Enquirer: 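Here it is, the structure in full.
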Amino acid sequence: MATNEELANLLFPDVTETIEDLEARYPSRNLPEGAQVTRFAPSPTGFLHTGSLFTSLISYTVARNSGGVYYVRLEDTDTKRTIEGSGDLLISQLREFGIEPNEGYFPEGDKGDYGPYKQSERRSIYRTVIKELIRRGRAYPDFCTPEDLDRIRKAQEAAKVLPGYYGVYARDRNLSVEERIEKINAGVPWVIRFKSNGDHEKKTKFVDAIRGEIELQDNDTDVVILKSDGLPTYHFAHVCDDHFMRTTMITRGEEWIPSTPIHLDMFRALGWKAPKYAHVPSVMKLDYGNKRKLSKRKDPEAAVSYFLEQGYPPEALKVYLMSIANSNFEEWTIAHKSFDLSAFPFSLKKISFDGALFDQDKLNYFAKEMLAREPLEQEFEAVYSWAKAHDEAFARRIEGNPEYFKKILNIEKDRKNPRKDYAKYSDIYPLIKFFYQDEYEAMVSSPLPFQEKFDRALLSNLLKDAATSMPYGVDEPTWFSAIKEIGAKFGFAASNKDYKNNPDSFVGSLSDVAEIIRVALVGSTQSPNLHEIIEILGKEECVRRMNLVSAILK
RNA sequence: GGCCCGUUGGAGAAGCGGUUAACUCAUAUCCCUUUCAAGGAUACAUUCACGCGUUCGAACCGCGUACGGGUCACCA
């Protein structure tokens with residue numbers, strides 16, 4: 001009578017290693033008590049998803065705060081969906097957010113003692129474990145074709161029972177070893193399935209590090225663990241890899257909760273200690289009144305690259321995501337006047353169970369706060385490197401005169417309440433382009449937004465006067481009283497109160513005077529502090545601009 | 001459909017048997033002000049999806065209903 005041993009050898013003749021060998025090759029990590037080993041395990045199928053960044057932030061924080069390890073493993077077992085170069089892109093985007101794993105797969109090569117960190121390179125490990133499972137009778141080759149499986153599913157539908165490969169529906173589960181050997185020798189294609197001992201009537205419980213105790217039906221389906229292409233399925237690869245890589249906590253999306261019994265079943269069959277699980281909620285979006293997961297296809301904000309391109313400071317997105325993860329983080333930032341994520345006492349227990357709606361307004365708020373507080377030099381570097389990558393024309397402007405741009409960036413920055421009008425780097429240029437002569441001239445070539453009620457000759461004369469009498473290099477109050485005097489010469493009120501009390505005796509208010517000069521200088525009724533702008537523009541340019549507009553108005 | 005998970009204001013949420021139901025964003029109004037961005041002040045859930053129950057007392061405990069999310073692949 002043929003044995004499982006023979007079957008195992010027939011299936012995997014080249015596998016000579018044993019599980020014991022693997023245990024020895026990947027010894028348990030020498031980490032202090034409580035240190036957590038977490039991981040980022042993406043499939044290289046595209047760009048970094050906002051939800052993945054969210055999970056990564058949590059995993060990374062857990063590892064760092066516990067003095068553990070955060071590593072990267074590439075889950076590239078779905079060869080059809082794998083996109084060339086995507087793995088490297090994922091890691092580099094993660095790095096742009098300042099999340100630097102301390103081990104694992106990197107574009108520049110693997111780092112660490114638990115590799116390879118790419119599943120497609122771990123075939124021999126999976127085969128070793130599966131061979132052992134077959135020996136023990138806990139895995140078997142299955143010969144069903146997709147059509148067979150389809151038939152089974154239809155039968156289940158008709159019988160109104162649960163779909164799946166289990167019990168009497170597991171067609172090849174109880175084949176004899178001889179029958180299996182015969183089919184294999186006859187060249188019938190096969191996959192390997194895990195042989196579950198589970199009972200669907202029973203429950204399996206586990207404690208989730210975020211949600212607490214979760215009770216689910218026991219797994220009783222014989223899931224595929226090795227596909228016909230020789231690569232493992234997620235379920236098996238997860239169990240195998242996280243065991244040998246000595247992961248202590250699996251942080252993954254909540255969509256994995258229902259399949260956790262499968263994983264626990266396999267850990268049990270292998271006699272391995274299961275890691276802790278922390279199932280993190282999805283980031284959601286409101287779609288016609290219904291919540292749904294952020295979708296890479298429908299929502300631009302689902303791809304982290306969207307924020308990078310727009311020029312959101314990467315740190316701001318992280319801070320926003322942290323405020324979703326632990327809502328007390330916001331209060332903490334206010335109390336500590338700091339957005340330092342590494343100093344915040346993060347807690348898995350404080351993560352709420354239902355997915356938060358992505359809130360762009362709140363992201364903007366954090367981004368504005370952070371940008372406003374960023375020291376000038378640092379902000380300058382950040383804006384410049386963003387421009388180099390995403391806005392070439394802007395980058396060239398900055399290069400043309402870095403000191404000039406720095407002054408512009410510094411407007412109303414050195415104050416107790418710094419200016420907060422940029423949420424992202426791409427907001428900057430449109431607001432300050434008037435500083436550049438060619439842009440200014442383009443603005444002046446179309447009608448300027450002067451108020452209709454003022455006579456053009458009056459405006460022209462006032463500007464002509466201002467061009468010669470406005471002072472430079474003086475402090476703001478001095479400058480402003482000069483503006484008042486200029487206005488008064490042309491019949492404007494010297495204060496808004498005067499104007500309010502007696503509007504008929506003036507041609508306009510003090511605000512109007514300021515507005516006329518502002519429009520002439522910046523081409524718009526709105527701008528940051530005019531005095532600072534004038535000082536940056538310099539006397540020569542201001543005189544030029546006022547004379548130019550004065551001439552146009554004639 | 002089965003099984004899980006969830007439901008406190010427009011958003012994120014605190015609350016864990018007795019509170020005026022925190023806080024932050026958003027929104028609105030007012031103040032400040034040479035415009036804007038800020039800043040300051042005020043307003044914004046008589047009520048915690050709904051129903052029933054337990055209790056002197058419920059957003060908090062129990063049951064049921066409704067709604068929302070997730071999952072049931074040789075994808076992860």
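Computation of the quantities below employed the complete heavy-atom set of this structure, encompassing side-chain atoms and omitting hydrogens, waters and symmetry-equivalent molecules. Throughout, protein chains are lettered first and strands after them, A, B, ... in sequence-line order, and every chain is numbered starting at 1. Predicted model only: the values in this text are computed from it and were never measured.
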Enquirer: Name the one of Lys407(A), Lys413(A), Arg419(A), Arg415(A) that satisfies salt bridge (Lys or Arg N to Asp or Glu O under 4.0 Å) with Glu532(A)?
Expert: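 For Glu532(A), the salt bridge (Lys or Arg N to Asp or Glu O under 4.0 Å) check succeeds only for Arg415(A).
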Enquirer: Expressed as a whole number of Å, how far does the P atom of G9(B) sit from that of A45(B)?
Expert: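 My reading of the P atoms in G9(B) and A45(B) gives 12 Å.
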Enquirer: Can you check the distance between A49(B) and U24(B), where both ends of the measurement are the C1' atom (answer in whole Å)?
Expert: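 That atom pair is separated by 24 Å.
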Enquirer: Just call it for Leu216(A): base, sugar-phosphate, or nothing, with non-hydrogen atoms closer than 4.0 Å on any strand.
Expert: sugar-phosphate
Enquirer: Provide, to the nearest angstrom, the distance between the NZ atom belonging to Lys349(A) and the P atom belonging to G15(B).
Expert: 14 Å
Enquirer: My understanding is that only residues two or more places apart in sequence, or in another chain, count here; which of them pass side-chain contact (heavy atoms from CB on, under 4.5 Å) with Ser228(A)?
Expert: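 By the side-chain contact (heavy atoms from CB on, under 4.5 Å) rule, Ser228(A) matches Val191(A).
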Enquirer: For the pair Ser196(A) and Asp265(A), evaluate side chain to side chain donor-acceptor pair (under 3.5 Å) and give the outcome as yes or no after the intermediate values.
Expert: CA-CA 7 Å; Ser196(A) 174; Asp265(A) 198 5; 2.7 Å; yes
Enquirer: In terms of side-chain geometry, is the basic nitrogen of Lys195(A) or Asp222(A) positioned less than 4.0 Å from the acidic oxygen of its partner?
Expert: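 Answer for the salt bridge query: no.
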Enquirer: Quick one: are the ring centres of Tyr312(A) and Phe307(A) less than 6.0 Å apart?
Expert: yes
Enquirer: Which residues pass the side-chain contact (heavy atoms from CB on, under 4.5 Å) test with Ser259(A), not counting sequence neighbours?
Expert: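 Partners of Ser259(A) by the side-chain contact (heavy atoms from CB on, under 4.5 Å) criterion, ordered by chain and then number, come out as His235(A), Trp256(A), Ile262(A), His263(A).
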Enquirer: At 4.0 Å (heavy atoms only), tell me whether Arg415(A) reaches a base, stays on the sugar-phosphate, or touches nothing.
Expert: nothing
Enquirer: Between Leu53(A) and His49(A), is any pair of side-chain heavy atoms under 4.5 Å apart?
Expert: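 SC-SC contact between Leu53(A) and His49(A) ruled out.
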Enquirer: Tabulated below should be each protein N or O lying under 3.5 Å from an N or O of nucleotides 38-40 of chain B; please produce it.
Expert:
residue	atom	partner	partner atom	Å
G39(B)	OP1	Lys420(A)	NZ	3.2

Enquirer: Can you confirm if the NZ or CZ of Lys183(A) lies within 45° of the ring axis of Phe143(A) and under 6.0 Å from the centre of its six-membered ring?
Expert: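 The answer is yes; both the distance and angle limits are met.
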Enquirer: What's the gap between A58(B) and U20(B) when it is taken at their P atoms, as a whole Å value?
Expert: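 Approximately 15 Å lies between the P atom of A58(B) and that of U20(B).
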Enquirer: Please work out the stems of RNA chain B from pairs that are Watson-Crick or G-U wobble with both distances under 3.5 Å, keeping only runs of three or more consecutive pairs.
Expert: B:1-7 with B:66-72, B:10-12 with B:23-25, B:27-31 with B:39-43, B:49-53 with B:61-65
Enquirer: The criterion is salt bridge (charged side-chain N to carboxylate O under 4.0 Å, His left out); which residues satisfy it with Lys298(A), sequence neighbours excluded?
Expert: none
Enquirer: In chain order, what residues pass the side-chain contact (heavy atoms from CB on, under 4.5 Å) check against Gln526(A), with sequence neighbours excluded?
Expert: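 Once residues adjacent in sequence are excluded, the partners of Gln526(A) under the side-chain contact (heavy atoms from CB on, under 4.5 Å) criterion are Ser524(A).
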Enquirer: With a 3.5 Å cut-off and no angle check, do the side chains of Glu476(A) and His531(A) form a donor-acceptor pair?
Expert: no
Enquirer: Return a single string for nucleotides 70-75 of chain B, one symbol per nucleotide in 5' to 3' order, where B is base contact, S is sugar-phosphate-only contact and - is none, cutoff 4.0 angstrom on heavy atoms.
Expert: SSS-BB
Enquirer: Looking at the side chain of Ala514(A), which of C25(B), U34(B), C3(B) is the nearest nucleotide?
Expert: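 Nucleotide nearest to Ala514(A)'s side chain: U34(B).
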Enquirer: Return the set of residues passing side-chain hydrogen bond (donor to acceptor under 3.5 Å, both in side chains) with Thr55(A) (not counting sequence neighbours), or none when no residue passes.
Expert: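 Once residues adjacent in sequence are excluded, Thr55(A) has no partner under the side-chain hydrogen bond (donor to acceptor under 3.5 Å, both in side chains) criterion.
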Enquirer: If you look at every strand shown and take non-hydrogen atoms under 4.0 Å, does Lys203(A) touch a base, only sugar-phosphate, or nothing?
Expert: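 Answer is sugar-phosphate: Lys203(A) comes under 4.0 Å of backbone atoms only.
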Enquirer: Does Thr61(A) reach the main-chain N or O of Leu57(A) with its side chain, forming a donor-acceptor pair under 3.5 Å?
Expert: yes
Enquirer: Below 3.5 Å between N/O atoms, which protein atoms pair up with nucleotides 60-65 of chain B? Just atom names and distances, please.
Expert:
none

Enquirer: Could you give the distance separating C67(B) and G62(B) at their P atoms, to the nearest angstrom?
Expert: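 Comparing P positions in G62(B) and C67(B) gives a spacing of 23 Å.
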Enquirer: Just to be sure I understand the rule, does Ser524(A) reach a base, reach only the sugar-phosphate, or reach nothing, if contact means heavy atoms closer than 4.0 Å?
Expert: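 Ser524(A): no heavy atom of the nucleic acid under 4.0 Å.
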Enquirer: For A43(B) and C61(B), measure between their C1' atoms and round to the nearest Å.
Expert: 36 Å
Enquirer: Which residues in residues 330-339 of chain A have at least one heavy atom lying under 4.0 Å from any atom of RNA chain B?
Expert: Glu330(A), Glu331(A), Ile334(A)
Enquirer: Give me the distance, rounded to whole Å, that separates A59(B) from A14(B) when you measure between the C1' atoms they each carry.
Expert: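 Roughly 12 Å separates the two C1' atoms.
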Enquirer: May I ask you to decide whether Arg122(A) forms a salt bridge with Asp241(A), counting only side-chain N to carboxylate O separations under 4.0 Å?
Expert: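 Salt bridge between Arg122(A) and Asp241(A), a charged N being under 4.0 Å from a carboxylate O: yes.
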Enquirer: Sticking with atom P, work out how far A38(B) lies from C25(B), rounded to a whole angstrom.
Expert: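 It comes out at 12 Å once rounded to the nearest Å.
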Enquirer: Looking at Glu75(A) and Arg73(A), is any side-chain nitrogen of the basic one under 4.0 Å from a carboxylate oxygen of the acidic one?
Expert: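 Salt bridge: yes.
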Enquirer: Could you tell me whether the side chains of Thr247(A) and Tyr71(A) share a donor-acceptor contact shorter than 3.5 Å?
Expert: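 Tyr71(A) and Thr247(A) do have a side-chain donor-acceptor pair below 3.5 Å.
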Enquirer: Roughly how far apart, to the nearest Å, are U27(B) and U71(B) at atom P?
Expert: 34 Å
Enquirer: If the plane angle is over 60° it's perpendicular, under 30° parallel, otherwise tilted; pick one for His200(A) and Tyr166(A).
Expert: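 Rings of His200(A) and Tyr166(A): parallel, under 30°.
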Enquirer: So does Arg153(A) pair up with Glu157(A), basic N to acidic O under 4.0 Å?
Expert: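 Salt bridge: yes.
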Enquirer: Could you walk me through whether Phe344(A) and Trp332(A) pass the ring-ring contact (aromatic ring centres under 6.0 Å, His included) check?
Expert: CA-CA 7 Å; Phe344(A) 171 68; Trp332(A) 184 91; 5.5 Å; yes
Enquirer: Check side-chain hydrogen bond (donor to acceptor under 3.5 Å, both in side chains) between Asp340(A) and all other residues, then give those that pass, not counting sequence neighbours.
Expert: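 For Asp340(A), the residues satisfying side-chain hydrogen bond (donor to acceptor under 3.5 Å, both in side chains) (neighbours in sequence not counted) are Ser342(A).
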Enquirer: Under 4.0 angstrom, heavy atoms only, what part of the nucleic acid is Ser527(A) near: base, sugar-phosphate, or nothing?
Expert: base
Enquirer: Check RNA chain B against residues 475-486 of chain A and give the residues with a non-hydrogen atom under 4.0 Å, in numerical order.
Expert: Glu476(A), Trp479(A), Phe480(A)
Enquirer: When all nucleic acid strands are considered with a 4.0 Å heavy-atom cut-off, which category describes Thr525(A): base, sugar-phosphate, or nothing?
Expert: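 Touches a base.
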